[in-house]
Amino acid sequence: MDAKSYNAKDSEDQIYKKWEKSGAFSPKVDPKKKSFTISMPPPNATGTLHLGHSIMLAIEDIMIRFKRMQGYSALWLPGTDHAAIATQNKVEKLLAEKGQDRHELGREKFLEEVKKFVANSQATIRNQIRKMGSSCDWSRERYTLDDGLTKAVMTVFVKMYEDGLIYRGNRLVNWCPRCESTLADDEVEHKDIQGHFYHIKYPLKDEKGYIEIATTRPETMLADTAIAVHPKDKRYKKLIGKTAILPLVGREIPIIADEYVDIELGTGALKVTPAHDPNDFELGKKHDLQTINILTENGTLNKEAGKNYEGLDRFEARKKVAADLEEQDFLIKTEDHMHSVGHCYRCSTQIEPFISLQWFIDVNKPVINGKSLKERSIEVIKDGSIKILPSRFNKTYYNWMENLHDWCISRQIWWGHRIPVWYCQECDEEIVATESPNKCKCGSKKLKQDQDTLDTWFSSGLWTFSTLGWPDNKEELEYFHPTSVMETGYDILFFWIARMILMTTYTLGEIPFETVYLHGLIRTKSGEKMSKSKPETCIDPLDMIEKYGADALRLSLVIGSTPGNDTRLYEEKIAGYRNFINKIWNSARYVLMNIEEGDYSVTLEDVLSSDLSRTDKWILTRLDEVVAGVTKNLGKHSISEAGNEIYEFMWGEFCDWYLEMSKVKKNTKVLSYVLKNILILLHPFVPFITEVVWGNLNQKNLLIVETWPKKQKELHFSREKEEVEVVKSVITAIRSLRSESNVDASKKIQAVIHGGRHTELLLEKIEIIKRLANLGELEVSSNDKKMKNSLSAVVKEVGIYLPLEGIIDMNEEKKRLGREVENLQKLLTHIEKKLSNKGFVAKAPKEIIEKEEDRKAGILSDLKKIKEQLKHIS
RNA sequence: GGGCGCUUAGCUCAGUUGGUUAGAGCGUCUGGUUUACACCCAGAAGGUCAUAAGUUCGACUCUUAUAGCGCCCACCA
């Protein structure tokens, strides 16, 4: 450790290899130990790691290292997700750059391309997870398309099918015309779009006049099969049961009555298009209306739209329909209108409601002891089986779950788990099985598998248990499941967390995890979202690791960020934590220079049997308090607070005070002991630097498997702790006096201290005070003789005098002391007011009142001394 | 239309059961080569904790309203 500064780049990769080789990442099933499990949220196999992954990895690694050191069998299971739509889109884009598309290639060849691509990005991701220092168990790495996981997916599908939860139906679904696939409700993103309201005349058949109707999607009129009005609407009452003529098309459509129609809204009359609007679809079913679909899968109009429109893109058709309506005098007016339109969450294409034959999961059917999937999913949060951090997300979760409709799980993309359903070409039998059947019960071998794949969230929903070997391996599952913590961004609460709860409570009859820890989004310094489309806003974690080290990046992500809240990240912040890492390095260098080889293996007993000074007892007491604090905070997942506490202790107390004091008189056992414990406490946060330093202390074991310290009664010296605080205050007061009065900082001056009841203590620490306050001479006595013409201060009943006549301006000093008196006086009045308040004395707890009384006594005494001193300034 | 969050020093943020003279880092200012560290050390300036009312002996902390910013959910033609 010769270098003056720590170079993260030189050691991080090596340290990681050491850990990996040691087997520390791979816990065993050990009945003597408790298990602690985290399933790593699988990064999409579509590319590279970003800061969202970094914060996830940092938080989870802290949790896992902490528990591992506490003696748990701590499993952190890594893996990747095939991310069906996202991955397929990505590869399609790559193909497009070469001027190809998937239909040209065909299913087989296209899938080969995707596989290649995935293998590539998986390798990148693995490497990048390692760069963060993640202590996950690579021997148990999983991928959603592994054989084992695929078997789990098929098994669950069959089970749900047999329970009547999975059904196939012709329904109106969300359709992405670019992906040419369905989307689940929550995969649709609503965005406000500036559109228009088109007011259209619908002429009546048997009488003069027309009904005026407003719509934002005029092209859908081509598929209208009715007009609906409210039964109590006076304007339209007489028209109910009559017929209107559909403009441009000429079709006769009935005017029906339904209470669904809002009289106030628009014109109060509603065009009904069962095939292209969810509400109209319901109306259509209710009133037995004809359903006409005018769209094809890629969003162009089909022949049902009529010759004039067939083949047009939906937006072209909108323009043309509007123009034609206007030309034929059916268009009354067009007004601007902001409205919310659904978009595909993967490719941002506008969604169309579209009728098609799809597979669904029934979320309302009672199957778990009379409860439906959604009821059970709500219950496990309500009864506290699963805790969400922060808890305010409970409400969001309930709201989502309660409004959940049947989940559409089939997708028309190619990349993913093929739906395990085969159709007999001869008898129309539907065969559902985990493995490909070779013949139908009618004897026919002409079987055709369903063309669709499963929603990617179907397999992700099984992640906590499919990765542990279900349905085959029961041992690991029983030991490690339910997992302990699920840690992820709040943005996938619905997509993933909710799906895991739903799928796991159904399949296993138990919860997938006990605690959900939701971290926030990482934003830029000015609060913007970092987005790939704006590369200048993005910070690349790998660049930062290269520049400042993984430890610094980890701290910058974790300290000052709390669950559920977004946090801003910028380079200066990371640089600041790099400085802290360097501080660790240098304090360790100092300690190593000062201790003997024998101190490396120091034990608590060694420390207690050594000659402990007050300062030793002070730092040991503080260490013990910090051990308790950090342990408590990590225990309740207050990572930021835990990190802050050990950071402050390391830098602000151990380095700034204890090491400085040790330059006067040192106890090498305590130096070694405290450093080692700090390294242990810091290790979950900054694993690399702490392991490097640990290695320089010639330890038998790697730090990663060192035992986490416990609170020690023997290390609690409260009297000495208070005493050293007095010494520190005296030193700070002298420094402050010098600095405020512009005394040359390098000049060794003289000081006189009247120690009062602290005299013995201050006499013992006289060398320390001299050194830390840069004094040439120091006189400590118990008598309180007044010093003429000195700088003076009183702290904790100790009088401090710096005789500097001739050097300083005594008028200034007089003013300064005057201000001091004023401040104390104000404080005194404040406290006295409190103590004379009858309510306070009657109702406040005893300790609080005592504390106030002590403070009052201290202030009175200090005030008296300052006032006397003021008299001695001439 | 429903739900939620944020507002604390110039900047970025802590402050978890109400008891402080409200903290940290960065930045600023003043000074410093001392058994490690200038990626350092010492000292200082800087806040009526968004506003208003309420509960309480006591409010940054609890309640209610207001304002500004932001997020999520929603099939209003």
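Labels below follow one simple rule: chain letters A, B, ... track the order of the sequence lines, proteins then strands, and each chain is numbered from 1.
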Any strand is fair game: report the nucleotide pairing with [N] by Watson-Crick or G-U wobble, both distances under 3.5 Å, or none.
N	value
B:G1	B:C73
B:C62	B:G54
B:U48	none
B:G43	B:C29
B:G68	B:C6
B:U35	none

[atom1]-based separation of [M] from [N] [nearest Å]:
N	M	atom1	answer
B:A42	B:U34	C1'	12 Å
B:G54	B:A45	P	35 Å
B:U7	B:G43	C1'	32 Å
B:C57	B:U51	P	25 Å
B:A59	B:C37	C1'	43 Å

Quick one: [X] [atom1] to [N] [atom2], roughly how many Å, whole number?
X	N	atom1	atom2	result
A:D185	B:C72	CG	P	17 Å
A:K573	B:A14	NZ	C1'	11 Å
A:D192	B:A74	CG	P	13 Å
A:D277	B:C76	CG	P	10 Å
A:L557	B:U12	CG	P	18 Å
A:N579	B:C40	CG	C1'	9 Å

Going by atom types only, do [X] and [Y] share a side-chain donor-acceptor pair under 3.5 Å?
X	Y	answer
A:S391	A:N394	no
A:K271	A:T220	yes
A:K666	A:T668	no
A:D262	A:H230	no
A:E335	A:H199	yes
A:Y202	A:D224	yes
A:H287	A:D258	yes
A:T396	A:Y490	no

[X] near the nucleic acid: base, sugar-phosphate alone, or nothing, with a heavy-atom cut-off under 4.0 Å?
X	value
A:P353	nothing
A:R735	sugar-phosphate
A:G560	sugar-phosphate

Q. Which parts of nucleotides 3-11 of chain B does protein reach within less than 4.0 Å, heavy atoms only, written one letter per nucleotide 5' to 3' as B for base, S for sugar-phosphate only and - for none?
A. SSS-----S

Q: Would you mind building the protein contact string for nucleotides 27-37 of chain B? One character per nucleotide, 5' to 3', B for base within reach (heavy atoms under 4.0 Å), S for sugar-phosphate only, - for untouched.
A: ----S--SBBB

So which nucleotide from [options] ends up closest to the side chain of [X]?
X	options	value
A:S340	B:A74, B:A24, B:A77	B:A74
A:T732	B:A14, B:U12, B:G43	B:G43
A:N644	B:U16, B:C71, B:A14	B:A14

Q. Would one find a side-chain N or O of A:T562 under 4.0 angstrom from OP1 or OP2 of B:A14?
A.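 Yes, A:T562 has a side-chain N/O under 4.0 Å of OP1/OP2 on B:A14.
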
Q: Would you indicate, yes or no, if B:C72 has its OP1 or OP2 atom less than 4.0 angstrom from a side-chain nitrogen or oxygen of A:H190?
A: no

**Q.** NZ or CZ of A:K833 within 45° of A:F840 ring axis and under 6.0 Å
**A.** no

Q) Does A:N279 get its side chain close enough to the base of B:C75, under 3.5 Å, for a donor-acceptor pair? A) yes

Q: Take A:E402 and A:K374 through the salt bridge (Lys or Arg N to Asp or Glu O under 4.0 Å) test and state the conclusion after the steps.
A: CA-CA 7 Å; A:E402 278 157 9; A:K374 78 193 215 188; over 6 Å; no

